[in-house]
Amino acid sequence: MKKVLVIGSGGREHAIIDAICKSRWVSQVFAAPGNAGMVKLATCVDIRETEIDKLVDFAMQNEIDLTIVGPEVSLALGIVNAFLNNNLCIFGPTKEAAIIESSKEYAKNLMMKYNIPTATYKVFTVFEEAFSYIKQNKFPIVLKYDGLAAGKGVIIAYTLKEAEQALRSMLLEEHFGKGSVIVEEFLEGEEFSFMCLCNHEQVYPLEMAQDHKRAYDNDQGPNTGGMGAYSPVPFLSSSDKEYALNSIMIPTAKALVQEKRPFCGILYGGLIKTKTGIKVIEFNCRFGDPETEVVLPRLRSDLYEVIMSVLHQKKPVLEWEDFSTIGIVLASKGYPEQYKKGYVIHGADQNHIYHMGTTLDEQGQYLTAGGRVLFVVEKGSTLEEANHKALQMIESIHCENLFHRTDIGKRILKK
């Protein structure tokens, strides 16, 4: 029997652990650092996802058979390189391949070089030059910080004033750190998330999902790390999926091999279906959050077997359940800006709830410990049924400092 280590502390990692625990091969699961909601399934280890040397030591001492990496920050720091250097089995891209997410400028240049469809763009490091360029373009316009920003480094500016504020934040105030800004055209259409298992040029698609980035109903408010998601995605045809795989995901994997940065892990395409075809908004180098929480519950296959097949360059068996899933985030009031922690949550220990940011007090009560706190996932024969069940479940959770969107998937349901 096998021992698995999952790196991370959020809802994505909770969903991965939930799926891995169902494997017939796995006897023990560890989470580093994990969270309060995972303790029923995994042994939580007090090592942060950035403490690479300690994670390597833990995996060696405990004879871990497979490590799965959740957060992009660990990948960007080179956790995979460190594990491979110590002959440890790990699922995720090297630091060199993770640049597809850690540098948006690199990703855009790669797409242009290999004719992968994406928005037109220009890169700036000087505020005045960027502002002058924006004044010559039409609105809305998109500004992206070139680096990791926990899903919050993208601003869609609808006015010159909004664009100026975003530029000042990124280039002058260095809100996310010192880095450049990509200014690109605004693409109109329906966005969706396409995660693929990848090992060099071998690419195997998972089911697609759509997440909701804006904080409030009707897509209002600031961008977040994601306020909810659902799967499958009804507006995508079989030909859409084939195009996304054969014209975007596979060519990108091949391009990274050509650039001597071969990718192994989850290659995530943040895509958009426009009137002129499907294009790339961004790439990520890991399981999406919150998409993972609605995709993995639909996976009938053994996740451990799937990952090991990919690592050994064998075609994995991917079978899917024939139901829909919808997940809704319960977030701390004030998120994604300033928020308070430490509020008691009642009803957080039910099935179908993935913990994103919780801790336990001395009395064993769950407390809020992050911006995104809980992720309620329900399934149904239709998206409508899943949505109804998820909203019902939320009514049984009580905390005075949480809010959620009530319209996850509603726009698609109306079509």
Using modelled atom types only, decide if a donor and an acceptor are shared between the side chain of [X] and the backbone of [Y] within a distance under 3.5 Å.
X	Y	result
Arg372	Leu330	no
Ser309	Glu305	yes
Thr359	Ala369	no
Glu378	Thr325	no
Asp18	His14	no
Ser103	Ile99	no
Asn115	Met111	no
Gln165	Glu162	no
Asn86	Leu88	no
Ser231	Val295	no

Decide, yes or no, whether a salt bridge links [X] with [Y] under the criterion of side-chain N to carboxylate O below 4.0 Å.
X	Y	result
Glu101	Arg286	yes
Arg298	Glu321	no
Lys108	Glu184	yes

Compute whether any side-chain donor of one residue and acceptor of the other, for [X] and [Y], lie under 3.5 angstrom apart.
X	Y	result
Glu319	Ser301	no
Asn81	Glu96	yes
Gln313	Gln202	no
Ser9	Asn35	no
Ser332	Asn401	no

Hey, what's the ring geometry for Phe287 with Phe91, parallel, tilted or perpendicular (30° and 60° as the breaks)?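 Rings of Phe287 and Phe91: tilted, 30 to 60°.
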Test ring pair (Phe, Tyr, Trp, His ring centres under 6.0 Å) applied to [X] - qualifying residues, sequence neighbours left out:
X	value
Phe131	Phe127
His212	none
Tyr366	His355
Tyr114	none

Side chain proximity check, [X] to [Y], heavy atoms < 4.5 angstrom:
X	Y	result
Val203	Leu197	no
Asp146	Val123	no
Leu110	Leu256	yes
Thr358	Val373	yes
Ile345	Leu367	no
Thr67	Val4	no
Ile182	Glu105	yes
Phe83	Leu55	yes

For [X], is the [atom1] atom crowded, meaning more than 12 foreign heavy atoms sit under 6.0 Å from it?
X	atom1	value
Lys379	NZ	no
Asp46	CG	no
Glu362	CD	no
Lys389	NZ	yes
Arg214	CZ	yes
Lys122	NZ	no
Lys54	NZ	no

Tell me the ring pair (Phe, Tyr, Trp, His ring centres under 6.0 Å) pairs involving [range], sequence neighbours left out?
range	result
residues 29-57	Phe30-Phe58
residues 367-409	Tyr216-Phe403
residues 184-207	none
residues 240-284	none

In chain order, what residues pass the side chain to side chain donor-acceptor pair (under 3.5 Å) check against Asn109, with sequence neighbours excluded?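 Here the qualifying residues are Tyr121.
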Once side chain to side chain donor-acceptor pair (under 3.5 Å) is applied, do any residues pair with Lys22, and if so which ones, sequence neighbours excluded?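 Listed in chain order: nothing, the list is empty.
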Could you walk me through whether Asp322 and Arg300 pass the salt bridge (Lys or Arg N to Asp or Glu O under 4.0 Å) test, one step at a time? CA-CA 9 Å; Asp322 188 24; Arg300 186 184 302 157; over 6 Å; no
If you measure from [atom1] on [X] to [atom2] on [Y], what distance do you get to the nearest 0.5 Å?
X	Y	atom1	atom2	answer
Thr252	Leu267	OG1	CG	6.5 Å
Met393	Ile326	CE	CD1	14.0 Å
Ile79	Thr50	CD1	OG1	9.5 Å

Working note: Gln365 + Asp361, criterion side chain to side chain donor-acceptor pair (under 3.5 Å); need CA distance, chi angles, decisive distance, verdict. CA-CA 5 Å; Gln365 297 182 110; Asp361 67 9; 3.0 Å; yes
Which residues share a side chain to side chain contact (heavy atoms under 4.5 Å, CB included) with Ser239, sequence neighbours left out: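 Result, side chain to side chain contact (heavy atoms under 4.5 Å, CB included) vs Ser239: Ser237.
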Which is it for Gln210 and Glu190 under the side chain to side chain donor-acceptor pair (under 3.5 Å) test, yes or no, and what are the steps along the way? CA-CA 9 Å; Gln210 185 182 53; Glu190 286 289 349; 2.8 Å; yes
Report the residue from Leu271, Thr274, Thr276 that forms a side chain to side chain contact (heavy atoms under 4.5 Å, CB included) with Leu187.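 For Leu187, the side chain to side chain contact (heavy atoms under 4.5 Å, CB included) test succeeds with only one of Leu271, Thr274, Thr276, which is Thr274.
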Let me see the working for Glu164 and Lys161 under salt bridge (Lys or Arg N to Asp or Glu O under 4.0 Å), right down to the final yes or no. CA-CA 5 Å; Glu164 183 180 10; Lys161 184 178 179 181; over 6 Å; no
Listing request: all side-chain hydrogen bond (donor to acceptor under 3.5 Å, both in side chains) pairs with a residue in residues 336-352, at least two apart in sequence or in separate chains.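 Passing the test, one end in residues 336-352: Gln350-Ser396.
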